[in-house]
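A short write-up of the structure that comes next.
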Amino acid sequence: MKEMKTTYDPKSFEDAIYARWLKKGAFRAKIDPQKVPFTVMMPPPNITGQLHMGHAMDETMQDIIVRFKRMQGYSVLWQPGTDHASLATEHKIVEKLREEGTTKEELGREEFLRRAYAWKEQYGGRIVEQLKKLGCSCDWDRLAFTMDERCSRAVREAFFRLYDKGLIYRGSRIINWCPDCKTALSDEEVAYSEDAGSFWYFNYPVEGSEEVITIATTRPETMLGDTAVAVHPDDARYKHLIGKTLILPIVGRKIPVVADEYVDPEFGTGAVKITPAHDPNDFEVGLRHSLPMIRVLGDDGKVNAEGGKYAGFDRYEARKRIVAEMEELGLLVKIEAHTHNVGHCHRCNSTIEPIVSKQWFVKMAPLAKPAIDAVMKNKTKFTPDRFAKIYYNWLENIRDWCISRQLWWGHRIPVWYCEDCGAEICSREDPAVCPKCGSAHLKQDEDCLDTWFSSALWPFSTLGWPEETPEYKYFYPTDVLVTGYDIIPFWVMRMMFSGLRYTGKVPFRDVLIHGLVRDEKGRKMSKTLGNGVDPLEVIEKYGADSLRLSLVTGVAPGNDTRYTETKVESSRNFINKIWNAARFVLMNAKDVQVPADLTGIKLTPADRWIISRLMATVREVTISLQKYDLGIAADKLTAFVWDDFCDWYIELSKPALYGGDPERKRAALGVLMYVLKETLKLLHPFAPFVTEEIYGYLPGTEGEIINARYPRYNSKFAYREEAKAFEGVIGLIKAVRAMKVSVNCPPAKKVHLYLVTDARRLISVNKNSILRLAGASEIDFVERGAAAGEKTVSQVTEIAHIFIPLGELVNIEEERARLTKELDRVIGEIARADGKLSNKNFTTKAPKKLVDDEYAKRDKYLEMKKKIEQQLESL
RNA sequence: GGGGGCGUAGCUCAGUUGGUUAGAGCGCUUGCUUGACAUGCAAGAGGUCGCAGAUUCGAGUUCUGCCGUUCCCACCA
């Protein structure tokens, strides 16, 4: 057998272990009627993407859940894939073309797409390799892509069904336009920020009068498209002007003054310029008053022909010039500084222009309702449940979804227009001729679909829907979706209404929401700030297991967390700890095999204690994982491994290992190995690599830990009473250690213990361990402390009153101080217990067990008090 | 304007359905080359759980109000 290295060195085995899992097909999902399926859909990362800390946490959480379920015996499918990320990818390629001195228009659609696919081939697999580094156990054989044949077919079907029912329509509406990406965006793709701007006050002259009306605007260039000025119908200042005509300066257009409730008389001047083609509110006003819509900005963000002499100027240049001209005309009243919320493109951060434009929309109201109901009825549950509220909030206020994008990289809208009769055709298959007039002159819509239209189908499109494939029947609906709260509006909500609409079922039963990984100072990690930490570098330095553990420990569901290297170090230290614990066990084991179970091993109280603790840990970890409390599960495991197993049990086992009694040694090794093996299994979902590596060193284990059965709680091994009694031994050892420290006794100096106790049997059985761990030379049972001599230190514990004669080592004053402090504490406890017990309400209303416990506690403390007082006296 | 989150040890954070003496990691103090591990061991110090009320036998935990902080949505041109 190979020797384990002295320190944990993840680089020496992680890649090899991953390769072995792949080779053995350990991640492969199988349709097995004997098993219960468990399905998780990986949120498909963008093909443009690189693994960042947010992914690392998201994927780690999924891998933990998936490995746990796999070990529990479920037939697990963790479906991986990538997203074509229409806008993000096209943006990147366009940028590259610009560097090459060309444009997509110059290349043409066909050549552009060829380039895009080439780009995808080159970079699209990058993130997949990075996920492997992290240890993700997804079924790579089923790797999907949102633009592959399966997914494309599902997109076509979904579009057709909605179109067929009138839920997809084409219309001219105000949409969010990004002049840089030159495409429409959905409301969700616009991010608002408080930007510093100005408020320009302009005078518009009233026709046939000396009067003017003062309006205020934040976007002067839009005045070119003004078709009215609105005032509040009850506003006394303007009442007489309603119905009058204004001369729009610069342009010279005659525009009416209209009355509309929308105007807030308190804000600005109480008079609002109305530009129906460039503002959502103005658009509504325009509709109410049948105002003309004049678009003055082109798709490139430049003033168009409607802008007269300003045609061709960029929107900001036009703004400057228009303000200057207004000033020259004496119509500029004032300029105020004004911060206001400005929309920015989610992708390129350019300022969004609201523009009226002909686009495709999904009617949301009929889709939102079932999606709300499904969560209300608990068909899908959010964890933590507060996110359900956020979900409702989104769906209740949702507006129709603009799904067309003026992009080439994506799913082209499956609608054709007949050039002869003008018919609009949407069909499942590409039409050859117009079904209305038979003409062959058909032209497909130029636009692509919003990426999220295809992502919304992910839970079932990857399984072959609309076909009733065996996969679809077995693995759908999925079990849990893991994602960040920032993705709820983009994706979770859209998968919900899509799933319900197309499959009649919720796409997942649970939604586990997590927070963001922030930097050490609590800031969002971002490219512009340059504060992002590359998970791959962390893996390189500390190993994937350390990174994984550090991303889930001490994290509460749904809360943001800060990444610090210190946390990774702590996790690494922990893993090193278990590495060395294993090394210790194996060094002593030699030819001993891991026992299959505990039957046939003669157990000591210490053995029963650690087994009891193991069982408690199995239960706690299992329950926590089932509730998706990964942080709690990790904490419980860490505490068990480090405190109980390493710091106590291994030390307790040493007398048996070194004592020379082969039978006892074998028994101790049996327990050590059994507990170690079970612990590795418990830990495997969190730290898959190191547990698999150590598992491979254990003699007598077969196969891989990834396929091992997750430990199950067995009440037979709970040993409740015995474990509790043994805690008394631990208390005794801790007390002796503390006593030695308190009187400055060197740790190496062995002390003689005199014990007044009822637990002689328990102590005798564990004598060797107590001597070793407490640093004692001898234990004597006595009736009274006086037997220990005149100068002693003493301490009362659960199971014994300890006396140690320390001769010259005793510092009387320090000892007196220590005892006095202890006495104060005990008196405080008695007062607390008395207070509770003298309260009739407590004794009558609280559960009996609590009251009894309180009595027992008070008696114990009274006893301790008496002993401490005696001791103080004797000093 | 609407809706969340957070406020607990010096720092970063946990804290299950209300129930022993409120926990962890890091940092700090003291001691230790204890036959796995100094990426370690032992013993400690450190908290009016943001403030004020309420409910309860009992509140870090439930309710109300307030203060601070932060995020999301909506938005007045």
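These figures come from a predicted structure and were not determined experimentally. Residue numbering restarts at 1 for every chain, and letters A, B, ... go by the order of the sequence lines. Computation of the quantities below employed the complete heavy-atom set of this structure, encompassing side-chain atoms and omitting hydrogens, waters and symmetry-equivalent molecules.
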Watson-Crick or G-U wobble partner for B:rA45, using a 3.5 Å limit on both distances? none
C1' atom, B:rG58 versus B:rU17: distance in rounded Å? 16 Å
Just to be sure I understand the rule, does A:Tyr658 reach a base, reach only the sugar-phosphate, or reach nothing, if contact means heavy atoms closer than 4.0 Å? base
Would you tell me whether A:Tyr204 and A:Asp226 have side-chain atoms, one donor and one acceptor, within less than 3.5 Å of each other? yes
Check this for me: A:Arg523, atom CZ, are more than 12 non-hydrogen atoms of other residues, nucleotides or ligands nearer than 6.0 Å? yes
For A:Arg772 and B:rU34, is the shortest distance between a side-chain N/O and OP1 or OP2 below 4.0 Å? no
Minimum-distance nucleotide to A:Asp647 side chain [options: B:rU56, B:rA42, B:rC37]: B:rA42
Closest-nucleotide 5' rank along RNA chain B - winner of A:Glu520 and A:Ala191: A:Glu520
Kindly indicate, with the supporting measurements, whether the criterion side chain to side chain contact (heavy atoms under 4.5 Å, CB included) is fulfilled by A:Tyr238 and A:Val263. CA-CA 12 Å; A:Tyr238 301 117; A:Val263 179; over 6 Å; no
Is the phosphate of B:rA14 approached by A:Asn559 (side-chain N or O, under 4.0 Å from OP1 or OP2)? yes
Send over the distance from A:Asp834 CG to B:rU20 C1', rounded to a whole Å. 15 Å
What nucleic acid atoms does A:His338 come within less than 4.0 Å of, heavy atoms only: base, sugar-phosphate, or nothing? sugar-phosphate
Does the side chain of A:Trp642 get closer than 4.0 angstrom to OP1 or OP2 of B:rC41 through an N or O atom? yes
A:Gly554 near the nucleic acid: base, sugar-phosphate alone, or nothing, with a heavy-atom cut-off under 4.0 Å? sugar-phosphate
Looking at every strand, decide which applies to A:Val741 at a 4.0 Å heavy-atom threshold: base, sugar-phosphate, or nothing. sugar-phosphate
Between B:rG50 and B:rA22, how many Å separate the two P atoms, rounded to a whole number? 15 Å
With respect to the side chain of A:Lys567, which nucleotide from B:rU12, B:rA77, B:rG4 is positioned closest? B:rU12
Rounding to a whole Å, what distance do you find between A:Met525:CE and B:rC71:P? 17 Å
Mind calculating the distance between CZ (A:Arg583) and P (B:rG40) to the nearest angstrom? 14 Å
On the six-membered ring of A:Phe584, is A:Lys654 placed so that its NZ or CZ lies under 6.0 angstrom from the centre and within 45° of the ring axis? yes
What does A:Tyr485 touch in the nucleic acid at a heavy-atom separation under 4.0 angstrom: a base, only the sugar-phosphate, or nothing? nothing
Among B:rU39, B:rA77, B:rA36, which is the nearest nucleotide to the side chain of A:Asn573? B:rU39
Need the pair for B:rG7. Rule: Watson-Crick or G-U wobble, both distances under 3.5 Å, any strand; none if unpaired. B:rC67
Which nucleotide in B:rA77, B:rG25, B:rU39 has an atom nearest any side-chain atom of A:Thr7: B:rU39
Heavy atoms only, 4.0 Å cut-off, all strands: where does A:Asn839 land among base, sugar-phosphate and nothing? sugar-phosphate
Among B:rA14, B:rG40, B:rC41, which is the nearest nucleotide to the side chain of A:Ala556? B:rA14
So what's B:rG40 paired with, Watson-Crick or G-U wobble, going by both distances under 3.5 Å? B:rC32
Which part of the nucleic acid does A:Pro847 contact within heavy-atom distance under 4.0 Å: base, sugar-phosphate only, or nothing? base
Hey, does A:Lys654 reach any base, or is it just sugar-phosphate, or nothing, if we go heavy atoms under 4.0 Å? base
Given atom CD1 of A:Ile174 and atom P of B:rA77, what is their separation to the nearest angstrom? 15 Å
Distance check needed: B:rA38 P versus A:Asn580 CG, whole Å only. 7 Å
Who does B:rG27 pair with, Watson-Crick or G-U, both distances under 3.5 Å? none
Of all the choices, B:rU16, B:rA42, B:rA77, which nucleotide is nearest to the side chain of A:Arg737 once you look at every atom? B:rA42
Are A:Leu698 and A:Val585 packed together at the side-chain level, in the sense that at least one heavy-atom pair is separated by less than 4.5 angstrom? no
Heavy atoms from C-beta onward define the side chain here; which of B:rA14, B:rG44, B:rA36 lies closest to that of A:Asp635? B:rA14
Flag for A:Asn559-A:His514: side-chain donor and acceptor within less than 3.5 Å: no
A:Ile390 side chain, from C-beta outward: closest of B:rA77, B:rC57, B:rG4: B:rG4
Across the strands shown, which category fits A:Thr218 at heavy-atom distances under 4.0 angstrom: base, sugar-phosphate, nothing? sugar-phosphate
Expressed in whole Å, how much space separates the C1' atoms belonging to B:rC49 and B:rC13? 14 Å
Opposite nucleotide pairing with B:rA77, Watson-Crick or G-U, both atom distances under 3.5 Å: none
Taking A:Asp279 for the side chain and A:Asp282 for the main chain, is one N or O donor matched with an acceptor at less than 3.5 Å? yes
Output yes when at least one side-chain N/O atom of A:Asn397 is less than 4.0 Å from OP1 or OP2 of B:rA74, else no. no
P atom, B:rG47 versus B:rU8: distance in rounded Å? 14 Å
Search all heavy atoms of A:Lys273 against all heavy atoms of A:Val229 and return the closest pair with its distance. CA-CG2, 4.2 Å
Over all strands shown, is A:Lys836 touching base, sugar-phosphate only, or nothing at heavy-atom distances under 4.0 angstrom? nothing
Assign each of A:Ser570 and A:Phe645 to its nearest nucleotide of RNA chain B by heavy atoms, then name whichever residue's nucleotide is nearer the 5' end. A:Ser570
Are A:Phe842 and B:rG58 stacked, counting the six-membered base ring, centres under 5.5 Å, planes under 30°? no
Considering just the side-chain nitrogens and oxygens of A:Arg572, establish if one lies under 4.0 Å of OP1 or OP2 belonging to B:rU39. no
Assign A:Arg562 to base, sugar-phosphate, or nothing according to its heavy-atom contacts below 4.0 angstrom with the strands shown. sugar-phosphate
To the nearest angstrom, the CZ-C1' distance between A:Arg386 and B:rC71 comes to 11 Å
So A:Lys521, base contact, sugar-phosphate only, or nothing? Heavy-atom distance under 4.0 Å. nothing
Across the strands shown, which category fits A:Glu651 at heavy-atom distances under 4.0 angstrom: base, sugar-phosphate, nothing? base
Looking only at the side chains, is there a donor atom on one of A:Ser186 and A:Glu189 sitting less than 3.5 Å from an acceptor on the other? yes
Could you tell me the separation between the NZ atom of A:Lys734 and the C1' atom of B:rC41, rounded to a whole number of Å? 13 Å
Given the C1' atoms of B:rU69 and B:rA59, what is the spacing between them in whole Å? 24 Å
In this structure, how many angstroms lie between the C1' atom of B:rU16 and the OH atom of A:Tyr628, rounded? 17 Å
Base-pairing mate for B:rA54 - Watson-Crick or G-U, with both contacts under 3.5 Å: B:rU62
Indicate, with a heavy-atom threshold strictly under 4.0 Å, whether A:Trp648 touches base, sugar-phosphate, or nothing. nothing
Within the structure, does a side-chain N or O atom of A:Lys524 lie under 4.0 Å from either OP1 or OP2 of B:rC71? no
Paired with B:rA22 by Watson-Crick or G-U wobble geometry, both distances under 3.5 Å: which nucleotide is it? none
Among B:rA77, B:rU16, B:rG25, which nucleotide sits nearest the side chain of A:Lys273? B:rA77
Does a donor on one side chain and an acceptor on the other come within less than 3.5 Å for A:Tyr563 and A:Glu520? no
